Amino acid sequence: SDMGQSKSPMDRLVCGDVGFGKTEVAMRAVFRALCSGKQVGILAPTTILAHQHFATVSVRLSEFPQFKVGRLSRFVRTAEQEETLAALESGDIQVLVGTHSMLGSRVVFKDLGLLVIDEEHRFGVNQKEKLRMQHTCVDALMLSATPIPRTLHISLSGMRDVSVIRTPPKARKPVVTQVVPSGKGPLREAIERELDRDGQLFYVVPRISMMEAAYQMLIGMFPKLRVVMAHAEMRDLEERVSQFANREADVLLCTSIVENGIDLPFVNTMVIESATLFGLSQLHQLRGRVGRGVDQAYAYLMYDEQLHGTKATGFHKIGILEELNDLGSGFAIANKDMEIRGVGNVLGVEQSGRLGGLSVQESADILCEELELARLGVTDDLPPALPVVSTSQILLPLQAMIPVNYAGGSIQRKMMVYAAFASASTLKEVARARKLTENRFGPMPSEVHQYVKMMELKVMCKLLGINRVYLEREHVVLEWSVDESQMRAFVALLDERDASRRFLHISSDERVQIRGLALSKPDVVLAKLCKWLHVFYLAALEL
């Protein structure tokens with residue numbers, strides 16, 4: 001519905017685990033663009049994946065001879081590349097499938113209508129921005145099982161539309177994931193089990209230099225084992241993978257090239273050597289390459305036993321993968337990855353990291369508030385006398401949070417609840433988010449109720465221009481750069497005579513002190529702040 005029914009071009013991220021149907025969604029978008037007379041570009045990070053997409057698109061469009069498909073990659077002959085580029089510019093080719101070769105200046109579309117970026121997380125910010133600068137008014141569809149922190153942050157904040165495919169294919173079983181120390185015992189067990197049921201295995205190493213030692217170990221354990229080696233620097237890579245796909249080998253010994261584009265139903269065991277050297281999302285992508293058929297699949301994450309428990313080696317990452325083992329857990333793993341690595345820089349090229357030391361929640365709050373201000377023009381509607389702040393911090397000693405067990409035991413649902421409240425810019429929107437949350441998950445426990453009150457307080461503080469709320473001995477302090485006459489005008493609206501006496505304006509520090517309020521229990525402090533500032537909030541809205 002994004003295509004052709006919106007005033008602005010589509011910009012959507014589709015997130016779903018391996019085999020959940022992201023490619024099918026893309027194929028339908030491709031066909032719709034072609035039927036509208038537009039060209040389509042499909043960008044893939046690896047030659048194997050590009051080759052698979054080329055084959056898939058060619059088969060799907062075989063009944064429509066008016067649509068021609070071309071491809072660009074380092075494995076395509078120079079003469080064929082020149083013919084493809086000329087046909088693309090003249091409009092004789094309607095679909096171009098390629099790798100990074102598509103980023104070159106010589107690639108010119110006659111009338112591009114849709115750009116599909118598969119495995120979006122494998123491309124850098126500069127590469128994606130270059131495409132956007134070249135094709136500014138086309139629909140963009142990005143596919144990823146585990147989006148990088150920066151992309152996920154942008155999507156959850158509302159800057160980009162996001163769709164999550166959660167329904168697994170029929171008969172698909174979760175991959176049994178085991179974290180085991182390196183050694184021949186677990187490896188022998190894994191290989192024997194798979195060979196006994198006439199299956200095949202992936203054996204993945206993090207570096208090309210480690211392949212020869214792994215090969216010698218496998219042959220030493222099983223002299224008759226048929227092993228094929230494959231890595232990206234081999235010119236005959238496609239032939240080697242095809243040899244394995246045709247079941248001419250038992251084990252494909254490879255690097256992470258199998259992370260994308262390998263769909264083999266007879267391969268149901270994966271062994272990953274030195275798993276701590278891979279990223280969290282990368283491990284999940286690799287794990288998704290097995291279990292594509294009806295048989296139970298296994299993934300063995302092997303680590304150096306001497307590194308057990310060492311966070312610096314990434315040992316904690318493989319523990320997370322063992323824990324998040326359900327079908328469709330890619331989005332939850334991406335959220336966990338974002339929590340660990342930080343959200344990156346929305347305005348820069350950093351795709352992860354903690355900008356200014358901010359947590360994920362703080363970054364989400366700030367970005368959502370700024371976007372809402374820009375979208376609704378809230379700052380223009382504020383009376384000039386009131387200060388303008390981009391965000392308000394509420395620093396009160398409260399148990400204000402969304403527990404995982406309240407959100408159905410899912411980190412993914414928990415993050416979605418946080419995002420719903422963080423994007424609220426008015427009290428009505430907070431109330432709407434609260435109603436939707438209660439309808440889905442039931443009555444709120446005390447810590448969730450406190451979180452909702454905190455979000456209400458943040459909304460009111462932001463409109464009033466209160467930068468920060470915190471405790472100072474027995475007092476509550478508002479960092480609020482209003483003059484004394486404004487503060488008195490607000491306080492005069494309070495019905496409680498005792499309340500009006502509590503407020504003390506300290507002009508030298510641009511603070512308002514609410515004397516003695518911190519002597520009350522934290523939940524009472526929050527309730528009174530919400531009550532009093534609500535009066536100020538309504539008055540500010542009328543202004």
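Computation of the quantities below employed the complete heavy-atom set of this structure, encompassing side-chain atoms and omitting hydrogens, waters and symmetry-equivalent molecules. Everything numeric here is computed off the predicted structure, so don't read it as measured data.
Closest non-hydrogen pair, I42 versus M102, comes out as O-SD, 3.3 Å. What you find for P9 and V138 is that their closest heavy atoms are CB-O, 3.4 Å. The nearest pair of heavy atoms linking P45 to H100 is O-CE1, 3.5 Å. Taking every heavy atom of both residues into account, V448 and P403 meet most closely at CG2-CD, 3.4 Å. Taking each heavy atom of L143 and A26 in turn, the nearest pair found is CD1-CB, 3.9 Å. Summarising the geometry of V459 relative to A424, their closest heavy-atom pair is CG2-O, 3.9 Å, with the distance given to 0.1 Å.
Using a distance-only test at 3.5 Å, with no hydrogens or angles considered, a donor-acceptor pair links the side chain of T426 to the main chain of E429. Between the side chain of Q94 and the main chain of G91, a donor-acceptor pair closer than 3.5 Å is present. One N or O on the side chain of D139 and one on the backbone of M10 form a donor-acceptor pair closer than 3.5 Å. In this structure a side-chain-to-backbone donor-acceptor pair under 3.5 Å is missing from Y298 to N268. No side-chain donor-acceptor contact under 3.5 Å links K38 to the backbone of C35. In terms of modelled atom types and a separation under 3.5 Å, the side chain of D250 and the main chain of R226 share a donor-acceptor contact. Y451 contributes no side-chain N or O that, together with a main-chain N or O of F421, makes up a donor-acceptor pair within less than 3.5 Å. The backbone N or O of L72 lies less than 3.5 Å from no partner atom in the side chain of Q81, so there is not a single donor-acceptor pair. A donor-acceptor pair is defined here as one N or O able to donate and one able to accept, closer than 3.5 Å; such a pair exists between the side chain of Q39 and the backbone of D111.
Between T99 and L43, the closest side-chain pair of non-hydrogen atoms is not below 4.5 Å. At least one side-chain heavy atom of V57 sits under 4.5 Å from a side-chain heavy atom of M27. The side-chain heavy atoms of I165 and V14, taken from C-beta on, include a pair separated by under 4.5 Å. D11 has its side chain within reach of M142: a pair of non-hydrogen atoms, C-beta onward, lies under 4.5 Å apart. Between R166 and D17 there is no side-chain heavy-atom pair separated by less than 4.5 Å. Between F278 and L301, the closest side-chain pair of non-hydrogen atoms is not below 4.5 Å. Side-chain contact between V241 and L237 is present, with heavy atoms from C-beta onward closer than 4.5 Å. Looking only at side-chain heavy atoms (C-beta outward), L49 and D118 come within less than 4.5 Å of each other.
With rounding to the nearest 0.5 angstrom, the CG atom of D92 is 9.5 Å from the NZ atom of K68. Separation of atoms CG (L85) and CD1 (I93) is listed at 8.5 Å; rounding is to 0.5 Å. The OG atom of S256 sits 12.0 Å away from the CZ atom of R289 when rounded to the nearest 0.5 Å. Within the model, atoms CG of L141 and CG of L114 stand 6.5 Å from one another, a figure rounded to the nearest 0.5 Å. Between K458 atom NZ and L463 atom CG the span is 14.5 Å, to the nearest 0.5 Å. Going from atom SG of C15 over to atom NZ of K22 covers 7.5 Å, rounded to the nearest 0.5 Å.
Here F202 and F244 bring their ring centres to under 6.0 angstrom of each other.
A donor atom on one side chain and an acceptor atom on the other are found under 3.5 Å apart for H51 and R71. Counted by atom type alone, R12 and S163 present one or more donor-acceptor pairs between their side chains at under 3.5 Å.
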Practice task
Give the C-alpha distance, both sets of side-chain angles, the deciding distance and a yes or no for side-chain hydrogen bond (donor to acceptor under 3.5 Å, both in side chains) between T177 and R287.
Solution key: CA-CA 8 Å; T177 304; R287 178 174 65 177; 2.9 Å; yes

Practice task
Start with the C-alpha gap between L88 and V108, add the side-chain angles, then the distance that decides, and say whether side-chain contact (heavy atoms from CB on, under 4.5 Å) holds.
Solution key: CA-CA 7 Å; L88 185 71; V108 180; over 6 Å; no

Exercise for the section: Under the salt bridge (charged side-chain N to carboxylate O under 4.0 Å, His left out) rule, what do R106 and E89 come out as? Steps first, then yes or no, please. Expected result: CA-CA 10 Å; R106 297 185 60 205; E89 189 172 1; over 6 Å; no

Exercise for the section: Any chance you could lay out the salt bridge (charged side-chain N to carboxylate O under 4.0 Å, His left out) test for E82 and R77, step after step, and finish with the verdict? Expected result: CA-CA 9 Å; E82 294 298 328; R77 299 189 314 273; over 6 Å; no

Practice task
Start with the C-alpha gap between V417 and F441, add the side-chain angles, then the distance that decides, and say whether side-chain contact (heavy atoms from CB on, under 4.5 Å) holds.
Solution key: CA-CA 10 Å; V417 174; F441 300 114; 3.6 Å; yes

Exercise for the section: Applying side-chain contact (heavy atoms from CB on, under 4.5 Å), run through V107 and L96 and close with a yes or a no. Expected result: CA-CA 10 Å; V107 179; L96 179 66; 3.9 Å; yes

Handout entry: side-chain contact (heavy atoms from CB on, under 4.5 Å) between Y300 and I272, intermediate numbers included
Key = CA-CA 6 Å; Y300 294 85; I272 303 178; over 6 Å; no

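Around CD of Q66, the count of heavy atoms belonging to other residues, nucleotides or ligands within 6.0 Å exceeds 12. No more than 12 heavy atoms of other residues, nucleotides or ligands sit less than 6.0 Å from atom CZ of R207.
Remark: E273 engages Y203, V205, M210, A214 in a side-chain contact (heavy atoms from CB on, under 4.5 Å) (not counting sequence neighbours).
Comment: R240 does not engage E248 in a salt bridge, judged by the lack of any side-chain N to carboxylate O separation of less than 4.0 angstrom.
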